[in-house]
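Throughout, protein chains are lettered first and strands after them, A, B, ... in sequence-line order, and every chain is numbered starting at 1. What you see is a predicted model, and the numbers here were worked out from it, not measured in a lab.
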Amino acid sequence: MRQYDPHAIEEKWQELWEAGDVNRLLPLSDKPPFYVLEMFPYPSGDVHMGHVRNYSIGDVVSRYKRMRGYNVLHPIGWDSFGLPAENAAIKQGSSPAAWTYANIERQRASLKRLGFSYDWSRVVITSDLSYYRWGQWIFRKFWDRGLVERRSSPVNWCPSCKTVLANEQVVDDGHCWRCKSPVQKRELEQWFFKITDYADELLDDLAELTGWPERVKQMQANWIGRSVGADVRFTLCDAEGVPTDEVITVFTTRPDTLFGCSFFLLAPEHPLALRLSAGTSYEAGVRAVQQSAATATAIEREAAEREKQGAFTGRYVVNPATNEKLPVWVSDYVLMDYGTGAVMAVPSGDQRDFEFARKYGLPIPPVVVKRDDPLLAELATATERVLDDVPWSEAYTGPGLMVQSGEFTGMPGGKDSEGSEAVIAWLQARGLGEASVRFRLRDWLISRQRYWGNPIPMIHCEDCGIVPVPYEDLPVVLPLDVDVIAGETLASHKEFYEVDCPVCGKPAHRETDTMDTFTCSSWYYLRYTDPHNTVLPFDALAADAWLPVDQYIGGIEHAILHLLYSRFFTKGLRDAGLLGGTNAEGLLQKGEPFARLLTQGMVKLGGETMSKSKGNVVAPEEAIARYGADVLRVYILFMAPPDKDLEWSQEGLEGIWRFLNRVWRSVYDLRGERVVDSEGTLLSLYDESLDASDAAARGRELERAIHRVIGKVEDDIERFNLNTAIAAIMELANTISAYTKLPLALRDAELCAQAAETLVLLLAPMAPHCTEELWSEVLGKAQKGSVHTQPWPEHDPRKALAETVELAVQLNGKLKARITVPLDAPDAEVKAEALEAAAAALEGREPRKVIVVKGRLVNIVA
RNA sequence: GUCGGCGUGGCGGAACGGCAGACGCGCUAGCUUGAGGGGCUAGUGUCCGAAUGGACGUGAGGGUUCAAAUCCCUCCGCCGACACCA
């Protein structure tokens with residue numbers, strides 16, 4: 001026999017598979033389609049263990065589904081625009097493109113060495129002109145549909161990356177997601193995708209995503225943050241306190257507390273703040289609050305523990321419910337970019353307002369009181385204000401009864417209460433307000449002041465304003481000869497920058513911002529369905545045939561960013577008529593790109609995420625060099641369930657090396673070959689004491705194991721229990737080992753052949769090279785084609801069962817004995833046997849009840 | 001603070017409400033080998049017992065059930081997301 005030598009077989013099969021198009025998709029097929037997608041890599045360096053894990057999981061699903069008769073689309077590509085390329089190029093003295101494409105080639109070679117079953121003819125690279133041109137085309141479509149806006153607003157600026165960031169890219173209390181620098185707020189004119197137009201749909205359709213982890217849906221729901229309440233209009237008074245025509249609207253989720261509003265707040269950045277106080281003795285105070293809010297970092301300002309700063313503007317507004325005049329204050333806990341930048345403060349019903357009122361000595365009249373609060377007795381019927389301060393140490397935000405609230409007094413109050421609805425109806429009838437919904441989600445800021453990205457196809461003309469590049473002039477080609485090391489930019493690159501206005505023909509200039517790299521990854525899964533299209537981003541028929549992606553696999557770090565943006569893109573493209581035609585149904589019709597999502601856990605070492613900066617990286621190439629790709633793949637699948645974190649263990653890796661060697665030897669042994677180790681020591685030591693009846697028993701055991709394990713592996717792969725699928729294959733291998741202790745003369749040749757074949761087929765999705773060699777060379781089945789084009793083995797569940805079955809006998813739920821009965825023994829017989837077996841434990845007591853659970857146990861209640 | 005998730009041997013982890021600890025790692029003993037590695041055999045939750053065996057056991061406490069790691073409630077601990085969002 002030959003020894004298992006991964007290095008002698010892996011590369012050979014990789015080349016043969018590629019030459020024979022084994023992994024290539026056949027577009028015309030009567031097989032049902034199945035789209036397996038793994039998040040494509042960013043080419044920032046070598047392939048790491050996280051990639052290996054992600055892609056090994058996807059490869060098992062892909063190969064398994066192929067064996068089950070599906071036409072499987074399993075593509076790969078690179079998300080290759082982005083800032084790291086620029087930084088690395090500057091550091092290494094190369095160009096972003098050179099750095100990017102060199103890394104792509106390294107990663108491509110590594111992925112091939114791992115034997116993943118990608119269709120290499122469909123590779124999509126986002127920095128290729130053939131791809132990003134369609135990103136511009138889609139941008140233009142979105143512009144036509146009013147989904148693109150250029151506007152000035154307070155945006156997140158990363159001083160280190162020297163670019164603005166989307167809200168979603170500000171992480172960990174105000175830090176840049178890439179470089180972790182504290183982010184600053186700046187008022188800048190920028191490009192936005194109007195993702196908020198889809199806020200409702202993005203939130204509501206989460207309910208359709210039954211194949212997504214609850215956790216991810218929860219995170220997206222929180223991020224979108226829909227609040228239901230009312231807009232309420234307050235009338236502004238002039239300097240003398242006389243009501244004017246000017247109205248300030250606020251948003252509240254607690255209209256039921258309107259009668260308890262005792263002061264009014266503006267964000268420091270609110271344009272009214274200075275206007276109201278200008279030239280008065282209050283101006284200095286207002287300016288001080290503004291100053292402190294502006295200099296505080298986002299981190300300081302958003303920390304809930306921070307003491308609230310405030311200043312009175314000197315002016316008043318009228319509470320529409322009570323007609324009371326309320327002082328208008330400025331405070332830094334009011335945010336300009338949520339709601340209207342103004343707030344009705346109800347200190348008895350909101351903890352922040354409560355703290356502010358206590359600090360500045362403002363009244364705290366109770367308005368919604370807990371049903372068992374002693375205050376209720378004295379206020380139960382008070383419709384007018386009789387109490388201006390509560391004896392509480394904190395605000396009460398729960399449900400209760402409304403007091404001091406005019407005609408609403410005595411009604412149930414609280415969030416979404418009857419009282420809330422009544423107050424909204426009352427406001428609406430008088431034109432003072434109406435029901436309203438607000439979202440936490442902001443529009444997606446997509447412009448980046450960087451070179452290495454997809455140019456925004458827009459032109460600035462002095463006369464015509466902002467003009468889109470006409471479709472026939474697309475694409476806007478990103479010039480590759482921009483010397484970023486010398487500090488050159490798109491704006492300083494004249495051939496790019498200077499352009500004639502497509503409308504009036506006068507000299508104009510191009511937009512020099514590029515698009516956020518997340519715009520590139522928001523539709524790549526659509527391009528894979530039609531990667532070589534030169535007239536459209538993708539053909540609608542191809543997209544409709546493959547979408548939604550049946551199984552998407554990737555890291556939890558994209559729970560909000562990429563997954564939310566992709567959902568938005570798909571909905572936008574559907575509404576632009578580019579996919580999900582009239583016959584679309586289900587998720588495709590909803591514009592949902594991903595039917596099932598698996599978020600894989602991280603690979604850790606010493607309890608920490610592997611990272612170059614921590615120096616705790618185990619390189620995949622190292623493991624491959626030592627044990628081969630199959631061992632690494634099986635190991636990483638076996639060590640933990642796919643969605644849990646995985647702690648790297650060298651011993652575990654060696655365990656899998658031993659396992660694959662055992663499989664290898666077993667296949668030889670099952671063919672009757674004497675197995676030896678690498679030094680010629682005989683390892684096939686038959687147990688000559690075994691006789692024909694042992695052979696029959698072990699044969700039945702092996703046959704049952706074959707049928708049981710096939711079913712188990714099927715169920716496990718379908719449910720992503722890949723670790724237990726491998727455990728089941730190990731059990732089969734163990735049963736085979738027991739069988740091959742039989743001397744050759746006692747073995748059943750047919751059973752041996754079946755066992756070898758089953759073992760190889762079941763393991764094929766996880767260990768593709770080793771099983772291919774065993775299938776094609778050792779078992780000599782090459783004429784039937786690659787092991788990876790074979791149908792999945794059939795199994796008969798009845799053959800997985802033994803003739804007799806061992807049952808546990810419990811007394812009051814506690815295990816007391818075991819009995820062995822025929823599989824189909826009638827309950828009465830089983831009961832009788834169980835009672836006999838438990839006689840001693842019963843100690844003469846009469847059983848009150850006997851429960852028989854077929855094939856499992858008998859529980860005697862006494 | 002709010003919302004999620006998770007607590008099982010020395011370790012990674014198994015268990016449609018039905019025999020807790022599959023499978024693997026590690027460890028112990030024996031066989032094989034000149035040695036090492038490898039292979040093979042047996043054992044490996046805790047406590048009592050020489051042993052057949054018995055008692056206990058899934059973070060803590062309660063509940064539902066013939067039966068709970070699993071379902072419900074309270075608490076403790078760890079992890080994650082969001083967080084001055086009116």
Report task. Could you tell me whether rG26(B) is syn or anti, where syn means a glycosidic angle within 90 degrees of zero? Result ->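 Glycosidic conformation of rG26(B): anti.
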
Of the listed nucleotides [options], the one nearest the side chain of [X]:
{"X": "Q218(A)", "options": "rG18(B), rC23(B), rC3(B)", "answer": "rC3(B)"}
{"X": "R662(A)", "options": "rC84(B), rG4(B), rC40(B)", "answer": "rC40(B)"}
{"X": "M730(A)", "options": "rG4(B), rC85(B), rG24(B)", "answer": "rG24(B)"}
{"X": "R215(A)", "options": "rG4(B), rG24(B), rG26(B)", "answer": "rG4(B)"}
{"X": "W223(A)", "options": "rG80(B), rA83(B), rA86(B)", "answer": "rA83(B)"}

With 3.5 Å as the limit, what N/O pairs link the protein to nucleotides 61-70 of chain B?
residue : atom : partner : partner atom : Å
rC66(B) : O2'  : N859(A) : ND2          : 3.1
rC66(B) : O2   : N859(A) : ND2          : 2.8

Taking [M] as the reference, what is the distance to [N] when you measure between their [atom1] atoms (whole Å, please)?
{"N": "rG12(B)", "M": "rC16(B)", "atom1": "C1'", "result": "24 Å"}
{"N": "rG17(B)", "M": "rC71(B)", "atom1": "C1'", "result": "8 Å"}
{"N": "rC6(B)", "M": "rA51(B)", "atom1": "P", "result": "41 Å"}
{"N": "rC78(B)", "M": "rC85(B)", "atom1": "P", "result": "26 Å"}
{"N": "rU44(B)", "M": "rG21(B)", "atom1": "C1'", "result": "12 Å"}

Query raised in the report: Any chance the rings of F263(A) and Y360(A) have centres within less than 6.0 Å?
Result: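 Between Y360(A) and F263(A), which both carry aromatic rings, the centre distance is not below 6.0 Å.
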
Looking at [N], which nucleotide sits across from it as a Watson-Crick or G-U wobble partner, both distances under 3.5 angstrom, or is there none?
{"N": "rC47(B)", "result": "rG54(B)"}
{"N": "rA68(B)", "result": "none"}
{"N": "rC3(B)", "result": "rG80(B)"}

Query raised in the report: Toward the 5' end of RNA chain B, which comes first, S227(A) or L815(A), by nearest nucleotide?
Result: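 So the residue in question is L815(A).
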
Pairs under 3.5 Å (N/O, protein and nucleotides 10-14 of chain B):
residue : atom : partner : partner atom : Å
rG12(B) : O2'  : M639(A) : O            : 2.6
rG13(B) : O3'  : N723(A) : ND2          : 3.4
rA14(B) : OP1  : N723(A) : ND2          : 3.1

May I ask you to say what [X] touches in the nucleic acid, namely base, sugar-phosphate or nothing, with a heavy-atom cut-off under 4.0 Å?
{"X": "G339(A)", "value": "nothing"}
{"X": "N661(A)", "value": "nothing"}
{"X": "S649(A)", "value": "nothing"}

Query raised in the report: Out of R352(A), R358(A), Q351(A), K359(A), which one pairs with E355(A) under the side chain to side chain donor-acceptor pair (under 3.5 Å) rule?
Result: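 Going through the options one by one, the only one that passes is Q351(A).
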
Can you give each donor-acceptor pair under 3.5 Å made by side-chain atoms of residues 850-862 of chain A, sequence neighbours left out, with the distance rounded to 0.1 Å?
residue : atom : partner : partner atom : Å
K854(A) : NZ   : A825(A) : O            : 3.4
N859(A) : OD1  : N812(A) : N            : 3.4
N859(A) : OD1  : G813(A) : N            : 2.9

